[in-house]
Amino acid sequence: MGVTSKMMTKQNVLTYTYLLVYISLSSGVILYNKWVLSTLYFNFPFPITLTMIHMAFSGAVAFVLVHVLKVVSPVKMTFNIYATCVVPISAFFAASLWFGNTAYLYISVAFIQMLKALMPVATFLTAVSLGTEKLRCDVFWNMVLVSVGVVISSYGEIHFNVLGTVYQVTGIVAEALRLVLTQVLLQKKGLTLNPITSLYYIAPCSFVFLFVPWYILEKPEMEDPHMQFHFGVFFSNALCALALNLATFLVIGRTGAVTIRVAGVLKDWLLITLSTVLFPESSITGLNIIGYAIALIGVVFYNYLKLRDVRTTQTPIPSIQDEPLKELLPEKKVDDDVNINDDWNDSVSNTNFDEEAPLMASSRFSHLGRKPA
């Protein structure tokens, strides 16, 4: 019992450490990107370029991990699967990054986090429209509650900007389409991608999709002779985004879906608070907080409904309290692998898990590793 208790304590400490690293990286990447993009600070108002840097870096690292270090093996990818699954998913992924990151030029980090509460609404409506979900009264009224909260929060926004709000909402819709398409296309084909293979296949394709709007919209402005490329800033920024993607996978493997959702809620409140401190031009009002709190109640209840649905479809797991410890240890790695896959699928496909990671979806991408906001 003493050995078991000591092992449990060590595992708990490790789990909380992973959660702390995840929350720190997730908040840090958002604030870092906001600082880079803002014309008041680093003054690099080129969100497409920043996203392309992330995609190029992530794709290169994934290539090294797959082909050089052979950490994971590439899946059996045919041209048909790539053309009919990976390409459309990458297109919506690129669109969500493009519009979502552009919103940071117009509206505050705090308000963007409040608008992101609409992700479950957009995902649910998209899934119903495409026939992957049934319209249920409990979920529908829950979505109405979330929408009302976001509307109240928007009404209370001091620096409300229509263009920035449209960009962010469009990014959310594109992300919702990406999530649903992932379930419809990849899962039906039986294709499972972990975060590394996701980076390997999705990042280069997304880079190509982003190249066209970059060439038209941002390249002419970047030809200014006074424009400087600070390698250290962009390298560290891309490295943080990649680290977040991997940290998210570790958290999913160490914890359950409930813990991940609670951590996400804590991260959002922390991020809203930090953004108002680090960026004084961003301010929140009492109406902002009330509206976001209402929306958050709806999001939490939505997560509860999804978790309840998952539990009802799972077979009961026999108790292992009476099993000898020595018999459990040899099987631990296999069990951990299974739990990682199950938690990954549940956490990412049912909610907008973490859209700050390069290939995570809010909160948020079934089998695929989002968004460097």
Side-chain angles (χ1 to χ4, degrees), residues 26 29-30 33-34 37 47-48 51 88-130 132-133 139-140 142-154 157 160-183 206 209-210 213 261 264-265 267-268 271-272 288 291-292 294-296 298-299 302-303 306 348-366 368 370-373:
S26 182
V29 167
I30 293 176
N33 288 338
K34 173 65 176 180
L37 293 171
I48 303 177
T51 305
I89 290 172
S90 299
F92 283 109
F93 177 58
S96 68
L97 294 175
W98 172 15
F99 294 116
N101 289 337
T102 305
Y104 282 80
L105 299 177
Y106 303 96
I107 53 182
S108 67
V109 172
F111 186 47
I112 285 178
Q113 291 303 118
M114 296 176 188
L115 289 176
K116 285 178 181 179
L118 286 172
M119 177 57 70
V121 179
T123 305
F124 175 71
L125 294 178
T126 303
V128 170
S129 301
L130 296 181
T132 61
E133 287 241 19
V139 178
F140 174 77
N142 181 247
M143 298 296 98
V144 171
L145 180 64
V146 173
S147 302
V148 169
V150 172
V151 169
I152 294 174
S153 179
S154 302
E157 176 66 13
F160 182 82
N161 183 283
V162 175
L163 185 59
T165 303
V166 170
Y167 270 123
Q168 181 60 37
V169 173
T170 305
I172 289 173
V173 173
E175 176 73 1
L177 286 167
R178 178 178 71 101
L179 287 167
V180 176
L181 278 179
T182 300
Q183 294 177 338
S206 296
F209 276 110
L210 289 168
R261 286 165 172 80
V265 171
K267 181 212 69 176
D268 288 341
L271 191 54
I272 289 173
N288 276 144
Y292 184 61
I294 293 173
L296 199 58
V299 171
Y302 171 78
N303 289 335
K306 299 300 292 185
V348 181
S349 63
N350 289 334
T351 186
N352 180 13
F353 179 63
D354 196 336
E355 50 196 49
E356 286 72 56
L359 282 174
M360 279 290 176
S362 90
S363 26
R364 308 173 172 176
F365 193 83
S366 180
L368 297 176
R370 151 143 174 113
K371 166 187 297 187

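- In this structure the side chain of W98 reaches within 4.5 angstrom of the side chain of L210, judged on heavy atoms.
- In terms of heavy atoms, K34 sits closest to Y104 at NZ-O, 2.7 Å.
- Checked against side-chain contact (heavy atoms from CB on, under 4.5 Å), V128 has the following partners two or more places apart in sequence or in another chain: F124, E133, L135.
- No donor-acceptor pair under 3.5 Å is formed between the side chain of S96 and the backbone N or O of A174.
- The shortest heavy-atom contact between I172 and A122 is CG2-CB, 3.8 Å.
- Applying the side-chain contact (heavy atoms from CB on, under 4.5 Å) test to L181 and every residue at least two apart in sequence or in another chain returns I89, F92, L185.
- Summarising the geometry, atom CD1 belonging to I30 is positioned 9.0 Å from atom CD1 belonging to I112; distances are rounded to the nearest 0.5 Å.
- In terms of the side-chain contact (heavy atoms from CB on, under 4.5 Å) criterion, residue partners of V144 (sequence neighbours excluded) are, by chain and number, F140, W141, V148.
- Taking CG of D268 as the reference point, atom OG of S26 lies at 8.0 Å (rounded to 0.5 Å).
- To the nearest 0.5 angstrom, N288 atom CG is 7.5 Å from F111 atom CZ.
- Annotation: the span from T51 atom OG1 to N101 atom CG amounts to 4.0 Å, rounded to 0.5 Å.
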field: Working for side-chain contact (heavy atoms from CB on, under 4.5 Å), residues Y302 and L145
entry: CA-CA 10 Å; Y302 171 78; L145 180 64; over 6 Å; no

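- One distance of note links CD of E175 with CG of L118; it measures 13.5 Å at 0.5 Å rounding.
- For T126, the side-chain contact (heavy atoms from CB on, under 4.5 Å) test picks out L130, A176, L177, V180, with sequence neighbours left out.
- Smallest separation of non-hydrogen atoms from N161 and L163: OD1-N, 3.0 Å.
- The distance from the CD1 atom of I107 to the CD atom of Q168 is 5.5 Å, given to the nearest 0.5 Å.
- Residues F160 and S154 come closest through the heavy atom pair CD1-O, 3.9 Å.
- Partners of Y106 according to the ring-ring contact (aromatic ring centres under 6.0 Å, His included) rule, which considers only residues two or more places apart in sequence or in another chain, are Y167.
- The heavy-atom pair separating I272 from A110 by the smallest distance is CG2-CB, 3.9 Å.
- Listed here is the closest heavy atom pair of T102 and P47: OG1-CG, 3.4 Å.
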